[in-house]
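Take a look at the structure below.
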Amino acid sequence: MTHISSSLQGKDVCVNNITNCSSAISLISLIAHLKWSSVCIIFDKESGQQAFELHHGLSTYGILAVIYPMEEVTSSEIDAISSSSQDKSTNINFTVLCQHVCLQFLKKPFEFGRKNVRRNSLLHLSRWLVGVDNVADLLDFEMADIKFDNVAVVKNYTTNIKEINNLKLTNQDEVKHEGCTHQQIFTLMWQSSRRNLSPVLFTNQQLPDENKLFPNADFGFNKRKFLVNTLPFSPFVQLNNETGQYTGITIEILNQLSRDLNFTYEIQPPPDGNWGAEKNNGTWNGMIGQLQQREIDIVAAALTVHSDRETVMDFTYPYFYEFSSIIFKKSNPDNSKWTRLLDPLSPTVLILVGICLPTVSFILCLLENTNPFYNKRHGKRGLHNMSDSFWYMYGALLTQGGEHMAASSSGRTLLSCWWIFCIIMAATYSANFVAFLTVRKNKPPFDDIKGLIAQDEYKWGITGDSIYESIFKDSNLPDRQLFWKGIVAFNKTDPSVLNSGTKSHIEKVLTEKYAFIDDHTGTAKLVANNCQVTLLPTDIMSTYAIGLPNNSPFVEKFSNGIMTVLESGHVSKWRTNYWPYTSHCAEQSKTEAKAIKIIDIQIAFYLIGIGILLSLMFLLCEYITLKCRLLLEKKGLITHPINPVRHIGTISMTDHVVQDY
């Protein structure tokens with residue numbers, strides 16, 4: 001094999017002094033006019049001289065050229081040519097020279113199957129300029145077996161650079177041949193139901209540009225058929241079992257891409273029904289495994305982007321973002337909960353109120369005792385006594401107050417602030433208490449993954465052979481490691497915790513104390529009409545994208561197509577069409593008054609009983625205290641006699657003080 005390349009700097013090619021209708025077309029001028037920076041020249045045994053002349057002429061214009069004899073161009077050699085291109089999404093240009101029917105070369109059974117991703121992409125990403133000599137009738141040549149999209153044929157060509165420099169056009173030639181079809185350059189186009197060579201129209205003063213020479217490049221993939229994998233996951237992919245038709249948000253995106261990029265597709269679900277998880281030998285199963293083995297071309301599903309998956313496949317620009325959720329069945333409300341009257345205030349607030357009551361009572365008592373505003377009040381009742389101060393503050397907390405009132409400015413200032421505090425607390429408690437009695441809110445047994453693994457009442461699981469296996473199995477976060485250890489332990493006695501079907505996990509949630517982690521949107525629709533199930537968000541982000549084979553040159557093309565779809569706002573419209581729900585349970589948005597039952601206010605009756613018991617205890621204490629003081633007085637240990645309790649009728653209107661015993 002002979003390889004010759006050039007790195008000379010290019011010059012502008014004068015293409016205005018090109019041949020007339022009867023003159024040969026210069027391949028050097030044509031390639032320079034197309035602004036190809038590099039070209040691979042393939043020639044047969046009879047065209048060696050022309051190939052070297054073409055190489056020399058291209059070198060003059062700084063165009064990189066490599067020469068290959070036709071018999072040595074094999075599938076592996078094409079791989080070497082394509083791998084030399086740093087940008088996998090750029091076109092590779094070929095020029096084929098032959099003396100006989102060299103279009104047969106393009107029918108050569110190269111292995112362009114989907115297992116050879118880069119070589120297969122050349123069917124779309126290559127440009128073939130074929131120089132034909134001594135061909136009787138190209139229009140009758142059978143083109144059905146040529147798989148390349150962009151093929152142009154030049155009939156009657158020249159590769160001699162001297163002929164270009166010596167060519168002159170007269171004014172008479174310009175007028176005579178202007179608008180001539182030339183019947184010298186043909187392009188492979190679709191005509192009716194098959195592809196045929198069509199003449200390229202151009203004037204004698206200007207060679208055809210690339211759009212005219214390779215018009216199929218403007219038609220995307222030219223109706224190429226792709227094999228697509230998917231799995232149902234509503235609302236992204238939905239399968240009608242009766243018709244076998246797929247619908248959903250992801251399918252709508254695939255349909256829009258097929259229209260914009262001009263390709264067709266056939267959907268085939270994975271034989272094992274799995275999404276894809278890595279096995280011990282480095283291979284993957286499910287849809288990702290089929291993509292890894294090059295058995296399919298595209299994965300169009302609710303496929304989450306993950307670093308482990310990117311080692312065996314490529315992802316396009318994402319089309320959907322969301323967090324996953326913990327799905328579990330709600331527990332029945334505890335109607336026998338006796339602390340319902342305490343629920344409107346948190347334990348912290350209750351403790352602080354309990355601390356503030358004696359503290360402020362003590363401060364008020366201290367102010368009243370040390371204030372010079374008062375004269376001697378020995379033996380009188382009032383806020384300067386701790387008991388009177390406490391009961392006044394307690395009465396204010398119940399918005400009632402007490403018998404005594406502060407007369408000093410300092411005391412009244414403190415009391416006014418305490419009353420404002422009491423009014424706020426009473427109003428807050430009253431409003432929340434009404435809500436707690438009329439609206440039932442069940443507190444979940446856990447709030448996140450950390451809470452889930454900390455309890456021992458619920459088991460948990462994930463979809464087997466899915467992205468969640470990789471997320472938890474390979475994670476370095478302690479909570480996720482413990483989560484995975486729990487799944488491994490549960491799996492020994494209950495393999496269903498790693499079932500690959502989402503619906504089986506939902507059935508398990510409804511029948512057992514079981515929690516299931518999965519993508520929010522798809523699972524939320526499955527339980528949309530079941531108000532027994534609740535969903536808690538997690539910190540695991542799910543990012544959906546279209547999957548392509550590893551090192552696919554079409555990633556940029558598909559990504560641009562997806563960004564166009566997102567910018568158009570179609571995804572939001574499709575989501576509304578396929579999932580018009582705003583909440584997974586419509587009853588949650590309803591508010592209705594509920595009758596208050598005895599069970600709801602049972603603590604109020606408990607308080608009456610507690611009050612009776614406490615009052616009897618204090619009565620007993622007072623009786624014992626009285627007996628003890630009488631006994632001490634009898635023995636002469638107490639000098640101040642105890643005044644007998646006066647009947648209320650004997651108290652005068654001016655007697656404001658009731659002395660102690």
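Start at 1 with the first residue, then count along the sequence.
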Let's go through D474 and R480 carefully: what are the C-alpha distance in whole Å and the side-chain angles of both, what is the deciding distance for salt bridge (Lys or Arg N to Asp or Glu O under 4.0 Å) to 0.1 Å, and is it a yes or a no? CA-CA 9 Å; D474 302 330; R480 296 186 183 182; over 6 Å; no
So how far is it from I42 CD1 to E77 CD, rounded to the nearest 0.5 Å? 9.5 Å
Does the side chain of V571 reach to within under 4.5 Å of the side chain of V565, using non-hydrogen atoms? yes
Residue N281 excluded, over 12 heavy atoms near CG under 6.0 Å: yes
Is the count of non-hydrogen atoms from other residues, nucleotides or ligands lying under 6.0 Å from K492 atom NZ greater than 12? no
Paired with D518, the side-chain contact (heavy atoms from CB on, under 4.5 Å) test is passed by just one of T523, I326, I462, namely T523
Does I327 offer a backbone N or O that forms a donor-acceptor pair with the side chain of S325 under 3.5 Å? no
If the plane angle is over 60° it's perpendicular, under 30° parallel, otherwise tilted; pick one for F328 and Y458. perpendicular
side-chain hydrogen bond (donor to acceptor under 3.5 Å, both in side chains) assessment of D44 paired with S47: CA-CA 5 Å; D44 63 4; S47 304; 2.7 Å; yes
Starting from the C-alpha separation in whole Å, work towards a yes-or-no answer on ring-ring contact (aromatic ring centres under 6.0 Å, His included) for F43 and Y68. CA-CA 7 Å; F43 63 95; Y68 289 90; 9.4 Å; no
Rounded to the nearest 0.5 Å, how far does CG of N211 lie from OG1 of T187? 11.0 Å
Donor-acceptor pair, side chain of T304 and main chain of T543, under 3.5 angstrom: no
Between N499 and S504: side-chain donor-acceptor atoms closer than 3.5 Å: yes
Kindly confirm or rule out a cation-pi arrangement of K459 over Y514, judged by NZ or CZ under 6.0 Å from the six-membered ring centre and within 45° of its axis? no
Would you check if the side chain of T311 reaches a backbone N or O of S307 as a donor-acceptor pair within less than 3.5 Å? no
Quick one: does T564's side chain have a donor or acceptor within less than 3.5 Å of a partner on N560's backbone? yes
Ignoring hydrogens and angles, tell me if any N or O in the side chain of K329 forms a donor-acceptor pair with the backbone of L510 under 3.5 Å. yes
So L125 and I92, do their side chains get closer than 4.5 Å, heavy atoms only? no
How long is the straight-line distance from CG of D260 back to CD1 of I562, given to the nearest 0.5 Å? 11.0 Å
Do the non-hydrogen side-chain atoms of P235 and R575 ever get within less than 4.5 Å of each other? no
dist N285:CG -> Q292:CD (nearest 0.5 Å) comes out at 10.0 Å
Considering all heavy atoms, the nearest I453-D479 contact: CD1-O, 3.7 Å
H55 side chain to I41 backbone, donor-acceptor under 3.5 Å: no
Looking only at non-hydrogen atoms, find the nearest pair between L452 and Q455 and report the distance. O-NE2, 2.7 Å
Between the main-chain N or O of E242 and the side-chain N or O of N240, is there a donor-acceptor pair closer than 3.5 Å? yes
With sequence neighbours excluded, residues passing ring pair (Phe, Tyr, Trp, His ring centres under 6.0 Å) with W284: none
Quick check: do V312 and I288 have side-chain heavy atoms less than 4.5 Å from each other? yes
CD/Q245 to CD/Q238 distance, rounded to the nearest 0.5 angstrom? 13.0 Å
I'd like to know if K508 and E512 make a salt bridge, using a cut-off of under 4.0 Å between side-chain N and carboxylate O. yes
Is there a side-chain contact between I546 and I298 in this structure, where contact means two heavy atoms from C-beta onward sitting under 4.5 Å apart? yes
Please find the pair of heavy atoms, one from G547 and one from M313, that lie closest to each other, and give the distance. CA-CE, 3.4 Å
On the 0 to 90° scale, with breaks at 30° and 60°, tag the F148-W128 ring pair as parallel, tilted or perpendicular. tilted
In terms of heavy-atom contacts, V555 and F315 come closest through CG1-O, 3.6 Å
Could you state the interatomic distance from CG (L231) to OG1 (T463), rounded to the nearest 0.5 Å? 11.0 Å
Looking only at side chains, do Y265 and D297 share a donor and an acceptor under 3.5 Å apart? no
S126 side chain to L123 backbone, donor-acceptor under 3.5 Å: no
K35 vs E210, salt bridge (Lys or Arg N to Asp or Glu O under 4.0 Å): CA-CA, chis, key distance, verdict: CA-CA 9 Å; K35 297 181 180 179; E210 189 163 0; over 6 Å; no
Closest contact, heavy atoms only, N550 versus E310: OD1-O, 4.0 Å
Polar side chain donor-acceptor pair, S324 to T538, under 3.5 angstrom: yes
Among side-chain atoms of E322 and S542, is any donor-acceptor pair under 3.5 angstrom? no
Can a salt bridge be assigned to the pair E252 and K573 using a cut-off of 4.0 Å between side-chain N and carboxylate O? no
Tightest non-hydrogen contact, residues V299 and L303, listed as CG1-CD2, 3.7 Å
Quick check against the 3.5 Å criterion: does Q481 have a side-chain atom that pairs as donor or acceptor with the backbone of S475? yes
Evaluate the ring planes of F554 and F558, with Trp represented by its six-membered ring, and classify them as parallel (under 30°), tilted (30 to 60°) or perpendicular (over 60°). tilted
Take a 6.0 Å sphere around CZ of F221 and say whether it holds more than 12 heavy atoms from other residues, nucleotides or ligands. yes
Does a side-chain heavy-atom distance below 4.5 Å link D519 with Y544? yes
Verdict with reasoning, T250 to Y319, per side-chain hydrogen bond (donor to acceptor under 3.5 Å, both in side chains): CA-CA 9 Å; T250 304; Y319 64 85; 2.8 Å; yes
Do D308 and H306 touch side chain to side chain, with heavy atoms closer than 4.5 Å? yes
After noting the C-alpha distance and the side-chain angles of F236 and F320, does the key distance pass the ring-ring contact (aromatic ring centres under 6.0 Å, His included) rule? CA-CA 10 Å; F236 299 96; F320 195 82; 4.9 Å; yes
Could you give the side-chain donor-acceptor pairs of residues 266-274 under 3.5 Å, partners two or more places apart or in another chain?
from, atom 1, to, atom 2, distance (Å)
E266, OE1, K225, NZ, 3.2
E266, OE2, Q268, NE2, 3.2
D272, OD1, N274, N, 3.1
D272, OD2, G286, N, 2.9
N274, ND2, D465, OD2, 3.2

Flag, side chain of Y317 to backbone of E556, donor-acceptor distance under 3.5 Å: no
Do the rings of W460 and F483 sit parallel, tilted or perpendicular, given the 30° and 60° boundaries? parallel
So L188 and D149, side chain to side chain contact (heavy atoms under 4.5 Å, CB included) or not? Walk me through it. CA-CA 8 Å; L188 195 57; D149 290 341; over 6 Å; no
Can you find a pair of side-chain heavy atoms, one from I253 and one from W574, that are under 4.5 Å apart? yes
Quick one about N255 and Y246 (side-chain donor to acceptor, distance below 3.5 Å, no hydrogens or angles considered), yes or no? no
